[in-house]
Number of protein chains: 4
Amino acid sequence: MASIVEAAAQVLETEGFEGFNTNAVARRAGVSIGSLYQYFPGKDALTVALIRRETARFYDDALIALGKRSGRAALEYLIGAAVRQQLQRPMLARLLDIAEGRPALRGEVNTTAMEELITTVVRRAAPKHARPETASGDLFAIVRGMVDAAGERGERDLDDLERRVRAAVFGYLARSGAA
Amino acid sequence: MASIVEAAAQVLETEGFEGFNTNAVARRAGVSIGSLYQYFPGKDALTVALIRRETARFYDDALIALGKRSGRAALEYLIGAAVRQQLQRPMLARLLDIAEGRPALRGEVNTTAMEELITTVVRRAAPKHARPETASGDLFAIVRGMVDAAGERGERDLDDLERRVRAAVFGYLARSGAA
Amino acid sequence: MASIVEAAAQVLETEGFEGFNTNAVARRAGVSIGSLYQYFPGKDALTVALIRRETARFYDDALIALGKRSGRAALEYLIGAAVRQQLQRPMLARLLDIAEGRPALRGEVNTTAMEELITTVVRRAAPKHARPETASGDLFAIVRGMVDAAGERGERDLDDLERRVRAAVFGYLARSGAA
Amino acid sequence: MASIVEAAAQVLETEGFEGFNTNAVARRAGVSIGSLYQYFPGKDALTVALIRRETARFYDDALIALGKRSGRAALEYLIGAAVRQQLQRPMLARLLDIAEGRPALRGEVNTTAMEELITTVVRRAAPKHARPETASGDLFAIVRGMVDAAGERGERDLDDLERRVRAAVFGYLARSGAA
DNA sequence: AATGAATGAGCCTTCATTCAT
DNA sequence: AATGAATGAAGGCTCATTCAT
């Protein structure tokens, strides 16, 4: 199961959506196409599993962030985690961001828990913000947008990117929704 | 030609990438598949034409922005244009942003003119910024990310969104690359 | 008309059957596809016209051969003509030989006059041959086979090839159908 | 696999190049189009397989010919084999001879082994011939030309045809390249 | 007569999915 | 449970031919 999901990740990463087909994934995983369908009822299910796997990693990091003493530290930790993760396998991350938006998958990938978690962090980092839910959505979009673009450009300097993302995030928080 | 491109836009908008095939586009345009191929050598060419059409509209706006007296006004105008345009046909805009990233099309869609234009605006709005090219790339990614996400969520309040985008943009500029 | 046929010859020669389509021929001829269809009711008619044009050239040579004093000289002249002509535009000749065999064209290209003429020459060159019709068919096949193969190989030495073809022709005549 | 190739042979035989398409072959073979593509990566590969199947049969005969005591007997055996085989399915043989010449397939069908084998036989049958390679090429063309033409004409008398081919072959050898 | 945009049947090929073994 | 051959709907594209101008 896990090896199939990882195979899916690798195929997506190396071949893009063009080459992302069930037969290729099965081959890469070293299992038969029949076995793949034993574990996943269809291609979309496989994609969802992959998305969930990546999301889970970030979710864990977000939980750690919650443990930070200050709100600011929590948000900074979260940004660092996002940057690091997204840039670790930039192609994969970007492609999954796209896949996540497909209407067929929208219902399958539950983002609410994630969003609430981020909202919590935002709330703690900017307690006086008038619309923390909106802000958390915006911040998520900002980070994702910046990091995907950086990945596309082939940037490798994590620290620099992280600094810029922080500038955007805290700049946004400072200027939006001032109580 | 133009009607085929518009048909392509509509198909992409309503059916997504799944249903975006040349036969569907031809049908929607009310022409035969043969005619479509008389004007566009292939599916990708059609996609590129659509991307260029949308890009051109924004490019025109960017030129207007350059005419603004203050740098800040220019940047604000640009943000407004981006928000308005992207939210006019949100699904289409989002899908084209994705399509633009496809390796096969990367070479076809010349983004450099666009980028330079934005960089010019950024330079004027933040003359003391240490890395205007990087900043313009980041800002483009921020705006695109925020607006795409808003479109996905179904937001309709342009003014509110524009305010938030401004917060992010100017917040980023204020905190990054301070001379 | 003639220019369209020549255009057909050139397209066939340079692009092969793959690229031999009516639009390409019209383009090469510098006329519209509509005009092409004004002169030729269809693609096959165009092909037939081309075959006939090439056959006619050889037919003229065959008539000259008939004027030769000795039968042997007549046959030798004919061989020379065949070799020369076939090797002048080898690709075209080979392709036309193939096209000629297509069932759809078999009825359109009247070979009987040609065959009778050759039979006459053979009869004069080998008066004692028991089956001149069969012989002329065989000889035609031999010459065509040898010259097409030579063309395919890229042979350019006309004299050498002609010598070898003579050897085959006269060798065949000497050993077959001895009265 | 073999049944698909045989289906290809039959389609080619009965419908000619016109009707020789992968769907027709699959239908005739009683398999789905998908299965056909599981065994052959493309239409050309199927054609090549068919050519190779037919070539192999002749190659086997050529090996037998090599075992003959006298050179003359070997050559005669080879001629007989060629005549018999080519006239067994004349249409198929002719069409494959044509297909073999298609530029796209030239590289795929290795003829050198075959040619060397024939050259060996020729060398043994006419040890004093000055240019055995040229001669074997010519003889191959002669035989193919004669037998294809006979097939086209609908000849069925194998013995007669074989006699005439022998006349051409040995006549050619006697008169060309005398040491 | 000439033009060439328009047509659409039909071809090659892919790939998600099934099912007998 | 695993296998992988088989399936066939569907999509990209070509090109002979037509017909309004």
Side-chain angles (χ1 to χ4, degrees), chain A residues 1 4 11 15 17-27 29-47 104, chain B residues 1 3-4 11 15 17-27 29-47, chain C residues 1 4 11 15 17-27 29-47 104, chain D residues 1 3-4 11 15 17-27 29-47:
Chain A
M1 283 250 359
I4 296 177
V11 170
E15 319 291 339
F17 281 115
E18 317 272 46
F20 183 56
N21 60 270
T22 52
N23 288 283
V25 170
R27 204 179 318 123
V31 301
S32 69
I33 180 67
S35 288
L36 186 152
Y37 273 86
Q38 209 112 47
Y39 291 115
F40 303 94
K43 191 190 186 185
D44 281 354
L46 176 58
T47 311
Chain B
M1 283 242 8
S3 69
I4 296 176
V11 170
E15 319 291 340
F17 282 116
E18 317 273 18
F20 183 58
N21 61 264
T22 54
N23 289 288
V25 171
R27 205 177 317 122
V31 300
S32 69
I33 181 65
S35 286
L36 188 153
Y37 275 90
Q38 205 129 44
Y39 292 110
F40 303 94
K43 191 189 184 185
D44 280 356
L46 177 57
T47 310
Chain C
M1 287 246 0
I4 296 177
V11 171
E15 318 292 340
F17 280 116
E18 316 273 47
F20 183 57
N21 59 268
T22 53
N23 289 285
V25 170
R27 203 180 318 123
V31 300
S32 68
I33 181 67
S35 288
L36 186 153
Y37 273 86
Q38 209 113 47
Y39 292 114
F40 302 95
K43 191 189 185 185
D44 281 355
L46 176 58
T47 310
Chain D
M1 284 244 6
S3 71
I4 295 177
V11 170
E15 319 291 339
F17 282 114
E18 319 272 15
F20 183 58
N21 60 265
T22 52
N23 290 287
V25 170
R27 204 178 318 122
V31 301
S32 69
I33 182 63
S35 287
L36 186 152
Y37 275 87
Q38 206 128 45
Y39 292 110
F40 303 95
K43 191 190 184 186
D44 281 355
L46 177 58
T47 310

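In this text the structure is predicted, and so the values were computed from the model without any measurement. Sequence lines set the chain letters: A, B, ... in the order given, protein chains first and strands last, and positions in each chain run from 1.
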Practice problem: Could you check P41(A) against V31(C) and say which one's nearest nucleotide on DNA chain E is further toward the 5' end? | Solution: V31(C)

Practice problem: Under a 3.5 Å limit for both distances, which nucleotide forms a Watson-Crick or G-U wobble pair with dT14(F), could you say? | Solution: dA9(E)

Practice problem: Flag the pair F40(D) / T22(D) as yes when at least one side-chain heavy-atom distance between them is below 4.5 Å, and no otherwise. | Solution: no

Quiz item: Just how far is it from atom CZ of F17(C) to atom OG1 of T47(C), taken to the nearest 0.5 Å?
Solution: 8.0 Å

Exercise. Please report, rounded to the nearest Å, how far the C1' atom of dC13(F) is from the CG atom of L46(B).
Key: 13 Å

Exercise. Return the value, rounded to whole Å, for the distance between atom CD1 of I33(A) and atom C1' of dA1(F).
Key: 15 Å

Quiz item: How many angstroms lie between atom CD of Q38(B) and atom OG of S32(B), to the nearest 0.5 angstrom?
Solution: 8.0 Å

Self-check item: d(CZ, R27(A); P, dA5(F)) in whole Å
Solution: 12 Å

Self-check item: Euclidean distance, atom CG of residue D44(B) to atom C1' of dC13(F) [Å, nearest integer]
Solution: 13 Å

Quiz item: Counting any heavy atom closer than 4.0 Å, what does E18(B) reach on the DNA or RNA strands: base, sugar-phosphate only, or nothing?
Solution: nothing

Quiz prompt | Between dG4(E) (P) and M1(B) (CE): distance, integer Å | solution = 18 Å

Practice problem: Any chance you could measure N21(D), atom CG, to R27(D), atom CZ, to the nearest 0.5 Å? | Solution: 7.0 Å

Quiz item: Taking atom P of dT14(E) as reference, at what distance in whole Å does atom CG of N21(B) sit?
Solution: 17 Å

Self-check item: Complementary nucleotide for dA1(F) - Watson-Crick or wobble, under 3.5 Å
Solution: none

Quiz item: With a non-hydrogen cut-off below 4.0 angstrom, is N23(A) in contact with a base, only sugar-phosphate, or nothing?
Solution: base

Quiz prompt | Contact under 4.0 Å: T22(C) side-chain N or O vs dC15(F) OP1/OP2 | solution = no

Exercise. Identify which one of I4(A), V31(A), I33(A) satisfies the side-chain contact (heavy atoms from CB on, under 4.5 Å) criterion when paired with V25(A).
Key: I4(A)

Exercise. Can you tell me the distance, in whole Å, between the OH atom of Y37(C) and the P atom of dC15(F)?
Key: 12 Å

Practice problem: Would you mind telling me which residue lines up with the more 5' stretch of DNA chain F, S35(A) or G19(B), judged by nearest nucleotide? | Solution: S35(A)

Quiz item: Atom CD of Q38(D) to atom P of dT3(F): distance rounded to whole Å?
Solution: 16 Å

Exercise. Identify, between G34(A) and F20(C), the residue whose nearest nucleotide on DNA chain F lies closer to the 5' end.
Key: G34(A)

Exercise. Nearest-nucleotide wise, let me know which of K43(D) and G30(B) is further upstream toward the 5' end of DNA chain E.
Key: G30(B)

Exercise. Under 4.0 Å between any heavy atoms, over every strand shown, what does Y39(C) touch: base, sugar-phosphate, or nothing? Just pick one.
Key: sugar-phosphate

Quiz prompt | S32(A) vs dT3(F): side-chain N/O to OP1/OP2 distance below 4.0 Å | solution = yes

